[in-house]
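Computation of the quantities below employed the complete heavy-atom set of this structure, encompassing side-chain atoms and omitting hydrogens, waters and symmetry-equivalent molecules. For clarity, every value in this text was computed on a predicted model and none was experimentally measured.
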Amino acid sequence: MGVTEAGLSGAGASRRLAACGPNTVRAHHARAFRVLGRQLRNAVLVLLALTAVILFFLVTAPTP
């Protein structure tokens with residue numbers, strides 16, 4: 001890759017910047033409620049929630 005233990009030279013860094021662009025993370029413009037809605041429509045999540053509710057009532061039910 002042309003890198004030494006000391007790192008890239010200034011010319012190497014400039015060359016890579018011109019070829020690949022800046023080292024940044026692209027912005028993610030997701031809406032929180034839209035993501036939550038997609039997750040709540042997941043069948044596995046619904047099954048997990050129903051199981052949790054059933055177990056809550058089974059564990060907290062008084063035993064005769």
Requested in this report: Please check if atom CG in Asn23 has more than 12 non-hydrogen atoms from other residues, nucleotides or ligands closer than 6.0 Å.
Outcome: no
Query raised in the report: Of Ile54, Thr60, Leu58, which meets side-chain contact (heavy atoms from CB on, under 4.5 Å) against Phe56?
Result: Thr60
Query raised in the report: What are the two closest heavy atoms between Val35 and Ala30, and how far apart are they?
Result: CG2-CB, 3.9 Å
Report task. Could you work out the complete set of other residues in the hydrophobic cluster of Val59, with links drawn between I, L, V, M, F, W and Y side chains under 4.5 Å apart? Result -> none
Requested in this report: Give the other cluster members for Val46, using side-chain heavy-atom distances under 4.5 Å between Ile, Leu, Val, Met, Phe, Trp and Tyr residues; answer none if it is isolated.
Outcome: Leu50
Query raised in the report: In the hydrophobic clustering that connects Ile, Leu, Val, Met, Phe, Trp and Tyr at side-chain heavy-atom distances below 4.5 Å, which members other than Leu45 occupy its cluster, ordered by chain and number?
Result: Leu36, Leu40
